[in-house]
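What follows is one structure encoded as C-alpha cells, with my remarks underneath.
Note that the coordinates shown come from a computational prediction; the quantities given were computed from them, not determined experimentally. Basis for what follows: all heavy atoms, side chains included, without hydrogens, waters or symmetry-related copies.
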Amino acid sequence: MEPATFVLFGATGDLAKRKIYPALYQLFIEDKLPSSFSLIGLGRRELSDETFQSNVEQSLLTFSRSGVKDAEGMKKFLRAFRYQVLEVNRKEDYKKLLQMVEEREQSLNLVPNRMFYLSVGPEFFETIAANIHESGLGSANGWKRLVIEKPFGHDLLSARQLNLKLNQAFNETEIYRIDHYLGKPMVQQMGQLLHASLSELDFSSRKIASVQISAIETLGVEERAGYYDHAGAIRDMFQNHMLQLLMMLTIEFPNRSKVDEVGKIKRQIMKSLVPINKMDVHNHIVRGQYGSGVIKGEKVVGYRDESGIASDSQNDTFIAARLQIKDPFWKDTPIYIRTGKRLNEKATKIVIEFTSEGSSKDLLIIEIGPNEAISIQRSEAGKELSNEDIAARSQLNTLEEGAKDAYEILIHDALVGDKTYFAHWDEVELSWEWVQPLLDAYQENLLPLHIYPSGTYGPDESDKLLARDGFHWWFDSKNELNNYGTKGESYTYEYNT
C-alpha cells in the first residue's frame with residue numbers, strides 16, 4: 001500500500017471516536033495501513049498533540065473491536081497522530097495545514113498522497129472542498145481523495161448542486177461517498193452466500209413471490225433532533241441505505257454479479273425502478289411518526305415531545321414503500337421496504353418469499369444486523385410462527401465471529417483506491433430522482449402522516465400496504481424474534497452547532 005497522509009476534519013467528533021480511530025487501529029494491528037502513514041486531526045478546539053493522542057488512545061480503549069493488548073504497538077500507532085486547529089471558513093488555516101502536511105511528508109519521507117476525510121456536518125462539504133483546492137492542499141504530485149459521509153444533499157436539486165461544487169475541486173474518481181451499509185460484511189458477501197444457499201435449496205428454478213427489506217430500530221431521535229427533524233426517515237435512511245440494500249440484493253438475480261460490474265448493474269437497477277407520480281404516492285408509500293408508548297417495558301415519549309422537536313412537527317420517523325423493477329426477472333415481483341424509529345425491535349433483514357402451489361411458504365432470510373446469517377424457513381401460509389418454529393430454522397450460512405466493522409473495510413478500500421463499495425454519483429442522482437416525487441408529495445400534504453405507538457411495528461397502514469397484494473410483513477409477532485434493543489449508530493460531528 002502506498003504511503004499516505006490522512007487528514008481528518010472533525011477529529012474530536014463522535015464518529016471519529018467510535019468508528020474511525022478504532023477502524024484505523026484495527027488496520028494497523030493487521031498490517032493493513034501503509035508502512036509510512038501520517039494522520040493530522042482537525043477541529044475547533046485547542047489541543048496539544050499529546051492531548052489529542054491521549055484522547056485517541058481513550059477511544060481505542062473504549063471502542064476497539066479487538067481491544068488494546070500491545071502497549072508498545074499502541075504507542076507506535078499514536079506517534080503518527082498530530083493535531084491542528086482549523087475553522088472551516090478561515091482560509092489561512094488551510095495554508096497552515098498545508099505547511100504541516102508538507103513538513104510531515106518531508107520528515108517521514110512520504111509521497112504526497114493525501115486522503116481528506118470529512119467527518120463533519122454536510123453543510124461544510126462545499127466550503128472544505130473549495131478551500132482544499134484553493135489552498136493547494138490537493139495539488140501535490142500524488143493522489144488525492146475526498147471521503148464524505150451521508151447525507152449527500154437533501155433533495156435532487158441540492159445533491160446536483162453539491163456534486164457540481166465538489167467536482168470543481170475533485171473529480172468523480174477521487175470522491176468516495178461512504179454508505180456504511182455497503183461496508184457491512186454480510187452486504188458485501190451477500191451474493192456469494194446467497195447463491196450458495198439457492199443452490200443448496202434448489203431454488204434456482206423457483207419464482208420469487210415478494211421481497212421485504214426492513215431496517216428498524218428501538219431508538220428514538222436521541223440527540224440528533226437538529227439534523228433529524230429536517231431529514232426524516234426518507235432522507236436519513238430510505239434514499240441512501242435502503243435503496244443501496246435494494247440494489248445490492250437485486251443485482252445478484254438471476255445470476256451472480258462480477259465485482260467489476262457491481263456499479264454498472266446497480267445503476268441499471270435504479271434506472272429500471274418504476275417511478276411513482278406524486279399524485280399516486282398514497283398507493284405506494286406509508287409515512288408515520290412515533291407517538292408515546294412502551295419500549296422494553298419502559299414508557300417513552302412521542303416524537304413531538306422529544307427535546308428539540310417542535311410540538312407540531314410533521315416530520316416522518318417511519319416510511320414503508322411498495323416498489324417494482326421494470327426488468328424481465330423482477331417485473332411481477334413486489335418489493336417492500338420499511339424503516340423506522342421507536343419500533344418493537346432492532347433488526348436489519350431481507351426476507352425473500354418464494355411462490356408455492358400449496359400452503360407451505362418457503363422463505364430465505366438474510367440477517368444483516370444485529371445477527372449476520374442466511375437461513376431458510378418453511379411455514380404455513382398465514383400461520384404465526386412460534387418460538388419452536390424459529391428454533392427449527394435451517395441456518396445455511398453465517399459470518400465468522402469478530403467480523404470486520406464496516407469502517408475498517410471502507411477506510412482500507414479508500415486507502416487502496418477501490419471504489420467498488422462506495423456510492424457513485426450516478427447512483428446517488430438516480431436515487432434522488434426516484435425519491436423526489438415523494439418529497440414533493442410530502443411538501444404538498446398529499447400523503448397523510450400516521451401516528452403510531454412506540455414499541456409497535458409502525459402504522460397499521462403499513463400492514464395494509466402488503467395486504468392489498470396478499471402478503472404480510474414476516475416476523476412481526478412478539479414471539480417471532482428476540483427484541484434487540486441495542487444502541488443504533490448515531491453520531492455527532494465536530495463542526496455541528
Has [X] got a side-chain atom pairing as donor or acceptor with [Y]'s backbone, closer than 3.5 angstrom?
X      : Y      : result
Ser257 : Ile251 : yes
Lys150 : Asp236 : yes
Tyr421 : Asp179 : no
Arg18  : Ser59  : no
Gln377 : Asp362 : no
Asp316 : Gly232 : no
His195 : Glu252 : yes
Asn315 : Tyr228 : yes
Lys419 : Ile175 : yes
Asn131 : Thr127 : yes

Among residues at least two apart in sequence or on other chains, which ones pass side-chain contact (heavy atoms from CB on, under 4.5 Å) with Ser272?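 Applying side-chain contact (heavy atoms from CB on, under 4.5 Å) to Ser272 gives Ile325.
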
Under the side-chain contact (heavy atoms from CB on, under 4.5 Å) test, residues paired with Met279 that sit two or more places apart: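 Partners of Met279 under the side-chain contact (heavy atoms from CB on, under 4.5 Å) test: Asn277, Leu446.
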
Going by side-chain hydrogen bond (donor to acceptor under 3.5 Å, both in side chains), name the residues that satisfy it together with Lys144, two or more places apart in sequence or in a different chain.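 Applying side-chain hydrogen bond (donor to acceptor under 3.5 Å, both in side chains) to Lys144 gives Glu174.
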
Listed by chain and number, what are the side-chain hydrogen bond (donor to acceptor under 3.5 Å, both in side chains) partners of Tyr117, not counting sequence neighbours?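 side-chain hydrogen bond (donor to acceptor under 3.5 Å, both in side chains) list for Tyr117, sorted by chain: Glu149.
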
Quick one: are Ile319 and Tyr442 in side-chain contact, heavy atoms under 4.5 Å?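 Of all side-chain heavy-atom pairs linking Tyr442 with Ile319, at least one is under 4.5 Å.
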
Do Ile368 and Lys349 have side chains that get closer than 4.5 Å, going by heavy atoms?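 With C-beta onward as the side chain, the pair stays apart.
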
Side-chain donor/acceptor pairs under 3.5 Å, residues 427-437, sequence neighbours excluded:
{"unit_1": "Glu427", "atom_1": "OE1", "unit_2": "Gln244", "atom_2": "NE2", "d": "3.1"}
{"unit_1": "Glu427", "atom_1": "OE1", "unit_2": "Lys266", "atom_2": "NZ", "d": "3.1"}
{"unit_1": "Glu429", "atom_1": "OE2", "unit_2": "Arg160", "atom_2": "NE", "d": "2.8"}
{"unit_1": "Glu429", "atom_1": "OE2", "unit_2": "Arg160", "atom_2": "NH2", "d": "3.3"}
{"unit_1": "Ser431", "atom_1": "OG", "unit_2": "Glu427", "atom_2": "O", "d": "2.8"}
{"unit_1": "Trp432", "atom_1": "NE1", "unit_2": "Phe152", "atom_2": "O", "d": "2.9"}
{"unit_1": "Glu433", "atom_1": "OE2", "unit_2": "Arg160", "atom_2": "NH2", "d": "2.9"}
{"unit_1": "Trp434", "atom_1": "NE1", "unit_2": "Val274", "atom_2": "O", "d": "2.9"}
{"unit_1": "Gln436", "atom_1": "OE1", "unit_2": "Leu156", "atom_2": "N", "d": "3.0"}
{"unit_1": "Gln436", "atom_1": "NE2", "unit_2": "Asp440", "atom_2": "OD1", "d": "3.0"}

Among side-chain atoms of Ser214 and Arg338, is any donor-acceptor pair under 3.5 angstrom?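 Present: a donor and an acceptor within the cut-off.
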
Could you tell me if Arg287 sits above the aromatic ring of Phe318, with its cationic atom closer than 6.0 Å to the ring centre and no more than 45 degrees from the axis?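 Pair Arg287/Phe318 does not count as cation-pi.
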
Value rounded to 0.5 Å, distance of CD1 in Ile148 from CZ in Phe116: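 Reported to 0.5 Å precision, the distance equals 14.0 Å.
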
Which residues pass the salt bridge (Lys or Arg N to Asp or Glu O under 4.0 Å) test with Arg322, not counting sequence neighbours?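 So Arg322 forms a salt bridge (Lys or Arg N to Asp or Glu O under 4.0 Å) with Asp469.
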
Aromatic centroids of Phe253 and Trp330 separated by under 6.0 Å: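 Distance test on ring centres: under 6.0 Å, yes.
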
